[in-house]
Each structure stands twice: as structure tokens, then as C-alpha cells.
Protein chains: 2
Amino acid sequence: MCEEVGLYTIRDIARLAGVSVATVSGVLNNKPTIKPKLVARVKKAMDALDYHPDHVARSLRVRRTLTVGIVIPDVTNPFFTDVIRGVEQEAQSAGYSVILCDSNEDAELERRNLAILFSRRVDGVLLAPTSSPSAHESRMHQRFPIVVIDRVPIGFSGPAVMTDNFAAAHEGTRHLIKLGHRRIAIITGQLALSSGLDRLEGFRKALQEERLALPDEYLQHGDFQSESGYRCGLDLLRLPSPPTAVFSCNNKMTLGLMRALREVHVICPDAVSVLGFDDFEWSAYFNPRLTTIAQPTYEMGKQAMQLLLRRLQRSDGDQAGTETVLRLKAELRIRDSTAPPFCGGEEIKQFVDVSTQS
Amino acid sequence: MCEEVGLYTIRDIARLAGVSVATVSGVLNNKPTIKPKLVARVKKAMDALDYHPDHVARSLRVRRTLTVGIVIPDVTNPFFTDVIRGVEQEAQSAGYSVILCDSNEDAELERRNLAILFSRRVDGVLLAPTSSPSAHESRMHQRFPIVVIDRVPIGFSGPAVMTDNFAAAHEGTRHLIKLGHRRIAIITGQLALSSGLDRLEGFRKALQEERLALPDEYLQHGDFQSESGYRCGLDLLRLPSPPTAVFSCNNKMTLGLMRALREVHVICPDAVSVLGFDDFEWSAYFNPRLTTIAQPTYEMGKQAMQLLLRRLQRSDGDQAGTETVLRLKAELRIRDSTAPPFCGGEEIKQFVDVSTQS
DNA sequence: TTGAAAGCGCTACCAC
DNA sequence: GTGGTAGCGCTTTCAA
């Protein structure tokens, strides 16, 4: 029946209020030059018809959509949903809407999503890129402001906000070392991504500072997916001389690693300590409770959106502006999955300060 | 410098290809009446300029945006992100984009989000409503097709897709009963939501079938938030005669419940069994591994989007159509958090068939 | 088969 | 201060 309920236009309002469309438009845009009396009349008419201005028409006219796109590899990963939440919050309060695109860790899909977003004339984009080196060379990057989050492809330059992965990994590794571990392994992410490389480098640095070796077989190349954590974990545990501690570079891989541990009946932290990158609501309920490096996810989303908004503000012109890169500080959350090594075949010596957190 | 890169219009293409704009438009819309030769020429011109048609202008003209909105109470809840993933997938392959709105469990925000989506002239909306009874009376529900997911407010009628909560709760509770539990408590969600009420009813039914009592103090009213699970859990555990099993009606509340258990040093499942509604990737890594009722989340998202798309297809006219309600089947995943009751002060008798799953 | 022109709902300019 | 009107980029008659 009332299918076309409420599809009124500015002209309907104008007619009902007995003014011109220009006046109605003025009211919509809070033009201060319109007499209060008219404003009231127009508003009354709007209320009467429950009028909601057509954002599409407006966008076409003013050449701004008040819309941003966010392209992420996996909506299902709690890391990204926390980020999204921050973005959403910030967007809403600035009057923006956000179009969500899941690129499914697929560079081609990412490219296509960016094209779609361009067609839809979003004002800007937040992008957590896939690892494909070619993706960021797309022409889309010239089309609208992009703020990269979490991870930048090696060689990319432009505005970005992420965790200070180097420092975080360094701190986490130091925690392991202070516990007394000497044989420490790492399961890395893609090294073509800053988040992958920086974490490895922070890890390396901490080892070097203590003159600890990193045998090739302790350096396992993962890809941030659960499966790789599992596979690498298995490889490590089956080594003739397995590590006494493992640093897993993201939440998914930690999951895989824990599965591997369970499968070969290696008890954590008794036989091997586990330090995971990424914290999540459930970390404290694991068996054992997971020691993690918590990224400031929500904050990351907020900051990224704010950064993007600032770019959009700036006269909509020179996007070339400053190439801001924000590095947010992570937080080490020590729980039960890390402990001093258990008679690991080697010297368990020196005072072990478990409570250290610095 | 090249700020305005690629903002070409259909006229630019027409000029370059030496045809009229109508022809270009025809090519864009795959009109079969255009000579292949011209099509080729136009396409070449498009490629040359890397032309991407303005979706905004198109939307204004054809009065369809190929956009849907999804309004959910919490992007951060893995239940919803799995749903979103299903929606996204289905939307992408149908050429739709999705605008994400987090209503933060706030009825007023939900209402506002719906209004914004209407202004943006989305073709339809997927809505996981808050519990406020008034929300679904909004005029917005007359404006565009809405498919409700997960939970419908009591009294709502319209297309919806959700889990068969009654059956799922019934099956889960039977599992507890078969393990030998007699003193079984429940922590419910909002009973003004179908998901809250139906789970309670399924639970009740299973109890009644076995002539088991449900004392008032075993019926704890939660609100699907972690905090309420914690509070209700504490109340239950401090009862003079505490239950030997607790059924928690969603993932967040289960989390709170586990926290309560830990806090009062009650061992699960030795002292009390826990059955949680909602499964997630991490359930199997909890201490203990959680027995859960897994909803078909991804499927729910897919089905909901498909249902919506079908509505949109149907001549864009009679939305009044059938009031389809899909009830998807859940799956009981038995793990370690449920076990036979431990000399709970009462008779532990009869044969206990732990492996049952029917 | 192709092209010219009207118009989607809004804003912004200019004339009153 | 207010109103008439051109035009944002596209689709879609209708005429040629």
C-alpha cells in the first residue's frame, strides 16, 4: 500500500511551508541568513511529512559523500573488529558513514574493492593492505586519500597508523629472556608487511643484545594464518633441540601453535613458554592464560579515522601533505603461558625476575 | 598536483570515442542493441582514461543505490562478525555494498542509524535490533525492506532469519540432564527478545519433560552482556544449594560466568558444568574446553542477505509480501566443560550416557 | 541503431 | 533575506 511513504522532496516541503526551495535548502544547511520565523515554518513542514533529505542527491551536487570505505583482510579477526569499532565511533560522531569491505586476504579482491569505493565516490579510505607488493601501486592510491592501518607493505610511503611493532616485539622478547630462556623461537608473519618484518626485527634485536643465537630452524616463516602457526609449531616441537619459548607474531598463529602443543602433548608453560602477539577478550580464559602483547586496537581505529578526517578537511586539495605515520605503543600482558624454562637441558642459572615488566 | 586524476565523466568518454553519451551509457549497461564496433571503441576510451562511472549520479537517476545497511549492537562480538562475513560475501557477489552501523545496544542510536540509512537511500537493511520495545515501531520500518537477524523483538512480525533457539536450548539442556544433572540453572538474555525468551522456553521444556524443578533462584535474568553473566554466576554459586550445571545463554555471559567461577575457586566441570550458547574459534582453547551450542552464524548472514535481495528483486513494489521467518538449526558441540555431576549432595544414580548427542 | 534532451533532488549563484 | 534557476553525472525516453 503505502510503498512510497515519505519520499518527499525539498519541493514538497517548500510548497507546504509556502517558501522557495532555496529557503528550504538554506534551512537544511543552517544558513544563518534565514529569518527564524521561516526556519520554524520550514521545520514544521519537514516534521509534518517526516522528511529526510536525499543524501544521494546532495552528494552528487556537493561532490562529497560523507562516506569512507574500510578495507580489511578479515572481519572475523577480533583485532580488526576492535579497530573497526574505533573507526565507526569516530566516523559516526563526525557525520560519516562507513562502507565495509572484506578483502579476504586477497590482493585482487582488495584492488576491486578500492575500485568500487572509488566508483561510489567515498571521500577517503582506511586500508589494511594484503601482503601483495603490487597492490599499493594501484592507481586508486592517487584517487582519494588513503590511510593505511596496522601494516604497510614494504616500500609504501604515506599516512599510516599502526603499533610500534619493533618496540613491542623487543619488549616481549626481553620478557622471555629475563625469565631465563635462551632457546627462543619465533613464528613470523609475512615479512613483506611492516607488521611482519618489524616484529621479527624487534625480536632479533632483543636476542642480539643478550648475545643469543637465532638458529635458522628457530626462525619459522608463517603468514598470520592459524594454519601456519600450527605447522610451524609442529616443526619447532619436533626439532632435536626444541626451543623453550616461542614468540608467535599474531593471534591466529598463536591459536594454531596452541593446537600443535596440545596435539603433541607438550605442556605450556612447563615445557615451552608461549608469547603471543595480539590480545583479545578471551586470552585470559585460555588454558593456560595467555601472555600477550596487546595492541591498542580501538585507539588505532580512532586515530586512523581522525587522521583521515583531517586530510579530508584540509581544503580537499593537497593530499600530498605531510606523510604522517603514527606508531602506537603496545602493552605486554603477562599471564601464565610464559614461565621460566624447566630444566631445559641447559643452564638454569641466575636470578630470574618474573615480575619484571619494564 | 594531479589531484583531479581520473574524474572523468561519460561525456569525456563520448567525446574521446566519437559517440554520444547515450551510447556510452548503453555500453555501461550492456545494452545489446549497440554495435560491437562501437562497444569496442567506447571500452577502449574508458580504459584509456581509466574511467569509473559515478555511482552516486547513477543512484540518483535510477533510484537504487545497490547499497544495504547493516545495524548491529556490537561489531566486537564474534557472533555478529561471523554474520557480517556471510552478509558481506553475499552482498559482494550480488554487486551490493554494505554500510556498517554499530548501534552499541542503544535503541536511540539504532533509530538514528536507521534514519541515516534512509537518508542515504539504501535499498534495504539488515537489523539485529536492540531490546527496546519501541524501536521497531519506528516509521523507518515502513520505508524500506528490513530483514531482522538473530533476534526479533517480541511482537515484531516481518521477515527474519535466526537460529531455532528453542530447539537448540532444548537439545543442550537435554545433554545436561542426560549427564545426570538435576539442579540446573540458567542465565537468560533479555526476555523481550526472541533469542532471550526462546532459549529460556527450550530450557524449560527440557526440564519439564523430565519433571525437574526450576527454582526461582536458578532462573537468573541476564542481558547478554558479560557483566550480567558474572553477577548472575556469583549469585548462583553463593546459593545455599548451588546448581550442578549452568546454562549460559550467550557467549559474553559465558565469559562473565567463567570469571565468576574462577573468582570463587569453583572448578568446572568438577563442581559445576557449564553449557554456553554461541561457539567461537576460541572455545576449544578455554580452560576447560567449552561445551557450546554453535549457531550457524555465517549461514545466517548469507541467508539474511539472500532474503533481502529477493525482496529487492520483487518488482521493488510489494514489500508486504510473505513474512518469511527462517529458523536455522544449531549444533551442540560437546567438549569438557560439561560432565556428570560430582557427588552433588544428591543421588548420583542411573546410567549416564555421556556420549549422547541426539 | 544512434543522438538530443529532460530530469533524478539537491545546492549555489545571482537577481530581486 | 528570499527566490528562480542552472547543473552535478547519469539514464531514458523519443526523434531521427
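Lettering follows sequence order; numbering is per chain, from 1. As the structure is a prediction and not an experimental result, all values here were calculated from the model. What you see below is based on every heavy atom in this structure, not just the backbone, and it leaves out hydrogens, waters and symmetry mates.
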Are [X] and [Y] close enough that some pair of their side-chain heavy atoms sits under 4.5 Å apart?
X        : Y        : value
A/Pro159 : A/Arg310 : no
A/Ile116 : A/Cys101 : no
B/Pro145 : B/Leu308 : yes
A/Val125 : A/Phe118 : no

Handout entry: First of B/Pro53 and A/Thr23 reached from the 5' end of DNA chain D, by closest nucleotide
Key = A/Thr23
Handout entry: side-chain N/O A/Arg121 vs D/dG9 OP1/OP2, d < 4.0 Å
Key = no
Handout entry: Distance-only side-chain donor-acceptor flag, A/Thr67 / B/Arg120, under 3.5 Å
Key = yes
Handout entry: No-hydrogen, no-angle side-chain donor-acceptor test under 3.5 Å, A/Arg121 and A/Ser59
Key = no
Exercise for the section: For A/Val56, answer base if it contacts any base atom (sugar-phosphate contacts may also be present), sugar-phosphate if it contacts only those atoms, and nothing otherwise; contact means non-hydrogen atoms under 4.0 Å. Expected result: nothing
When the distance from [atom1] of [X] to [atom2] of [N] is rounded to whole Å, what number comes out?
X       : N      : atom1 : atom2 : value
A/Arg11 : D/dG3  : CZ    : C1'   : 12 Å
A/Arg58 : C/dT11 : CZ    : P     : 5 Å
A/Leu60 : C/dG7  : CG    : C1'   : 12 Å
B/Asp12 : D/dC8  : CG    : P     : 11 Å
B/Arg63 : D/dG9  : CZ    : C1'   : 16 Å
A/Met46 : C/dC10 : CE    : P     : 9 Å
A/Tyr51 : C/dG9  : OH    : C1'   : 7 Å
B/Arg61 : C/dG9  : CZ    : C1'   : 12 Å

Problem - Separation between OG1 of A/Thr130 and CG of A/Asp106, rounded to the nearest 0.5 Å - result: 7.5 Å
Exercise for the section: For DNA chain D, find the residues of residues 24-35 of chain A with a heavy-atom distance under 4.0 Å and give them by number; none if there aren't any. Expected result: A/Thr33, A/Ile34, A/Lys35
Completion exercise
With the side chain defined as heavy atoms from C-beta on, B/Ala22 is closest, among D/dC10, C/dG3, C/dT11, to C/dG3
Exercise for the section: Select one nucleotide: of D/dG9, D/dG3, C/dG9, the one nearest the side-chain heavy atoms of B/Ala57. Expected result: D/dG9
